Amino acid sequence: MSKLQPVRGTRDIFGEDARRMAHVRRTFARVAETYGFDEIATPVFEFTEVFKRTLGDTSDVVTKEMYTFEDRSGDEITLRPEMTAGVARAYLSNGMAAQGTVRLYGHGPMFRHERPQKGRYRQFHQIDAEIIGDPSPQADIELLAMAWQLLTELGLAQATVLHVNTLGDPESRQSYRAALVDYFSQHKDRLSDDSRTRLERNPLRILDSKDAGDRALVEDAPRFADHLTPAAVAFFETVCAGLGRLGIPYTYDQRLVRGLDYYAHTAFEFITTALGAQGTVLAGGRYDGLIEQMGGPSTPGVGWAAGIERLGLLLDQAPEPARPVFLIPMGEPAADRAQVIARDLRARGVRLEVDYRGNLKKRLNRANRRAARWAVILGDDELAEGGASLRDLDSGEQRRVALDDLAAVLLADTAGQTGH
RNA sequence: GCGGGCGUAGCUCAACCGGUUAGAGCGCUGGUUUGUGGUACCAGAGGUUGGGGGUUCAAGUCCCCUCGCUCGCCCCA
């Protein structure tokens with residue numbers, strides 16, 4: 001069982017899983033286009049620098065989760081652990097600043113070397129949306145509106161809760177961070193081990209610790225709200241008002257944080273309780289400092305990403321496979337004709353499978369198992385008169401149809417169901 | 001990276017306090033039937049019981065290691 005197994009944390013996606021994920025992707029693409037986003041596909045690997053600079057040297061993702069290697073020419077390469085860094089790099093590489101604000105969406109595999117769990121893989125897939133170049137809270141609102149519409153169309157809006165918080169502007173953050181460090185340092189002895197390291201590396205993270213002792217301390221910790229500048233407050237209130245106006249339910253969650261310095265203002269997560277410890281299904285926020293940190297001009301940005309597997313897992317039922325037409329030629333001459341007939345029908349858009357083997361009973365049986373809608377039976381009798389027997393596999397009705405009319409008849413019926 | 005649970009056919013599961021050729025259902029292939037389905041009957045293929053080592057007259061069953069899956073922690077989609 002060692003050789004023919006996929007690498008830990010990776011898996012083959014087919015059948016129902018593939019259908020669930022395709023449904024998520026297609027729904028997302030449609031909604032994103034509707035909001036005026038253009039598709040972008042960036043490479044699945046980048047120079048390691050790209051992620052190191054944006055994620056910071058101390059984040060968990062960089063220190064212990066990246067798939068990093070040296071390629072044959074000696075370059076340090078990393079499989080992308082998330083999409084934003086690559087998109088930001090593409091924005092700079094292609095001089096997109098000249099276009100003004102850009103709205104980009106994309107999807108694809110991401111890689112993190114973590115312990116797999118339900119809804120968590122080492123290769124997983126995300127959909128991603130970014131608005132780069134727009135400093136206004138309107139951009140945040142649109143992005144959230146789009147996320148909400150996506151979840152609604154997937155039937156998941158009720159299954160998730162939107163948590164929002166503000167991380168303020170840089171001044172707010174610095175002031176708050178200092179206050180937090182000060183406070184927790186005084187109670188260092190009561191902090192959990194994990195949180196003691198957080199205090200060094202990423203003090204905001206202590207706020208969402210799951211440790212009971214930490215939580216007690218957090219109760220009395222300084223509040224971000226008390227350290228926000230008036231401008232930061234105004235920004236956040238605009239976002240919240242927008243959510244209210246659009247009828248998007250949310251809860252203000254002061255413990256929702258992002259560790260890295262380039263984040264600013266809005267942070268949000270859509271959370272479900274249906275996936276165990278992997279409750280976050282779609283998350284994002286504003287990253288006004290990121291592009292500058294990467295070496296570009298100061299450029300605002302907001303975005304979010306969602307796990308396709310997680311969304312797919314939450315769909316209460318998988319999309320049904322499309323129902324094909326089953327072409328059944330009986331005998332050699334019919335089989336020869338069937339090749340041409342099949343090609344012509346497919347060229348006109350009929351979803352068609354041909355079954356050449358076994359007696360009619362067996363073949364109709366297979367047609368059932370493939371959930372075929374129609375069986376087209378082609379035998380000597382039919383061929384003699386240039387027609388075929390068309391059998392409705394739901395009702396059992398059967399009639400003769402001229403070969404020339406076949407495509408029209410089948411397309412008239414399947415038009416409504418071959419969608420997806 | 002740390003801790004708990006679990007590994008028997010493609011899938012879901014049997015196999016007593018260790019006991020001799022590891023079974024069943026579903027699925028798959030063929031037949032009853034080159035021409036009418038969702039049913040039936042018959043037959044067949046498919047297992048190094050995840051892998052390795054140990055204890056024993058004897059291991060799917062007990063012990064150790066390892067790999068994989070799974071749940072939680074860290075972190076995150």
Side-chain angles (χ1 to χ4, degrees), chain A residues 1-11 15 24 55 58-66 81-84 107-128 147 160 192-195 197-198 201-202 205 208-211 257-259 269-272 275-284 304-314 326 328-335 355-372 374-383 388-398:
Chain A
M1 292 295 262
S2 61
K3 281 291 179 289
L4 294 180
Q5 251 170 197
V7 174
R8 183 188 191 84
T10 67
R11 60 188 197 130
V24 171
L55 297 171
T58 59
S59 71
D60 265 41
V61 170
V62 168
T63 55
K64 56 178 212 190
E65 293 172 4
M66 292 203 311
E82 51 102 30
M83 242 183 104
T84 306
H107 71 88
M110 310 294 154
F111 306 84
R112 286 180 206 172
H113 192 100
E114 293 182 284
R115 191 72 178 269
Q117 280 174 51
K118 179 199 289 254
R120 163 191 285 190
Y121 308 95
R122 287 186 173 180
Q123 175 178 336
F124 60 103
H125 299 79
Q126 286 187 333
I127 49 178
D128 180 273
T160 59
S192 66
D193 290 347
D194 281 334
S195 284
T197 33
R198 289 184 181 114
R201 286 220 242 159
N202 197 345
R205 275 283 170 213
D208 65 355
S209 169
K210 287 172 188 164
D211 181 88
V257 292
R258 289 286 122 93
E269 293 186 5
F270 286 85
I271 298 173
T272 175
L275 290 177
Q278 281 63 245
T280 302
V281 132
L282 185 157
W304 55 252
I308 301 178
E309 283 87 349
R310 289 187 185 178
L311 290 171
L313 237 28
L314 288 176
F326 231 64
I328 303 178
M330 303 304 297
E332 282 289 324
D355 191 347
Y356 293 97
R357 293 166 47 225
N359 59 42
L360 184 57
K361 181 165 184 153
K362 281 254 188 295
R363 297 199 226 184
L364 285 170
N365 227 308
R366 278 194 283 266
N368 286 328
R369 272 182 267 125
R370 296 288 296 165
W374 300 97
V376 176
I377 300 164
L378 201 61
D380 296 337
D381 300 347
E382 286 85 349
L383 279 182
S389 292
L390 179 63
R391 185 174 183 82
D392 181 329
L393 291 171
D394 288 343
S395 69
E397 285 166 32
Q398 184 168 320

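All figures in this text were calculated on a predicted structure; none of them were measured in a lab. In what follows, chains carry the letters A, B, and so on, assigned in the order in which the sequence lines appear, proteins first and then strands, with residues in each chain numbered from 1.
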Let's test your reading of the model: under 3.5 Å, does the base of [N] pair with the side chain of [X] as donor and acceptor?
| X | N | result |
| --- | --- | --- |
| Lys361(A) | U39(B) | yes |
| Asn365(A) | G37(B) | no |
| Asn359(A) | U33(B) | yes |
| Arg120(A) | C75(B) | yes |

To check you understand the geometry: which heavy-atom pair defines the closest contact between [X] and [Y], and what is its length?
| X | Y | answer |
| --- | --- | --- |
| Gln398(A) | Ser389(A) | NE2-CB, 3.5 Å |
| Asp355(A) | Arg363(A) | O-NH1, 2.7 Å |
| Glu269(A) | Ala283(A) | CG-CB, 3.7 Å |

So what does [X] hit on the nucleic acid, given a heavy-atom distance under 4.0 Å: a base, only sugar-phosphate, or nothing?
| X | answer |
| --- | --- |
| Arg357(A) | sugar-phosphate |
| Glu309(A) | nothing |
| Gly9(A) | sugar-phosphate |
| Glu382(A) | base |
| Leu282(A) | sugar-phosphate |
| Asp392(A) | base |
| Arg370(A) | nothing |
| Arg369(A) | sugar-phosphate |

Counter-base of [N], judged by Watson-Crick or G-U geometry with both distances under 3.5 Å:
| N | result |
| --- | --- |
| G44(B) | C28(B) |
| U39(B) | none |
| C69(B) | G5(B) |

Report task. For Asp394(A) and for Arg366(A), locate the closest nucleotide of RNA chain B by heavy-atom distance; then report the residue assigned to the nucleotide nearer the 5' terminus. Result ->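 So the residue in question is Arg366(A).
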Report task. For Tyr121(A) and for Pro116(A), find the nucleotide of RNA chain B with the closest heavy atom, then tell me which residue's nucleotide is more 5'. Result ->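 With Tyr121(A) and Pro116(A) compared, the 5'-side residue is Pro116(A).
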Would you mind reading off the distance between [X] atom [atom1] and [N] atom [atom2], rounded to a whole angstrom?
| X | N | atom1 | atom2 | answer |
| --- | --- | --- | --- | --- |
| His113(A) | C74(B) | NE2 | P | 19 Å |
| Asp380(A) | U34(B) | CG | P | 14 Å |
| Glu114(A) | C75(B) | CD | P | 11 Å |
| Phe270(A) | C76(B) | CZ | P | 19 Å |
| Gln123(A) | C76(B) | CD | C1' | 17 Å |

Does [X] have a side-chain nitrogen or oxygen under 4.0 Å from the phosphate oxygens OP1 or OP2 of [N]?
| X | N | answer |
| --- | --- | --- |
| Gln398(A) | U36(B) | no |
| Arg310(A) | C76(B) | no |
| Arg8(A) | C67(B) | no |

Query raised in the report: Taking the side chain of Phe124(A) as heavy atoms from C-beta outward, which of C74(B), A77(B), G1(B) is closest to it?
Result: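 It is A77(B).
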Query raised in the report: If you measure only the distance, is there a donor-acceptor pair under 3.5 Å linking the side chains of Gln123(A) and Thr10(A)?
Result: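 Short answer, no.
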Query - Phe326(A) six-ring face occupied by Arg370(A) cation (under 6.0 Å, within 45°) - result: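 Verdict for Phe326(A): no cation-pi partner in Arg370(A).
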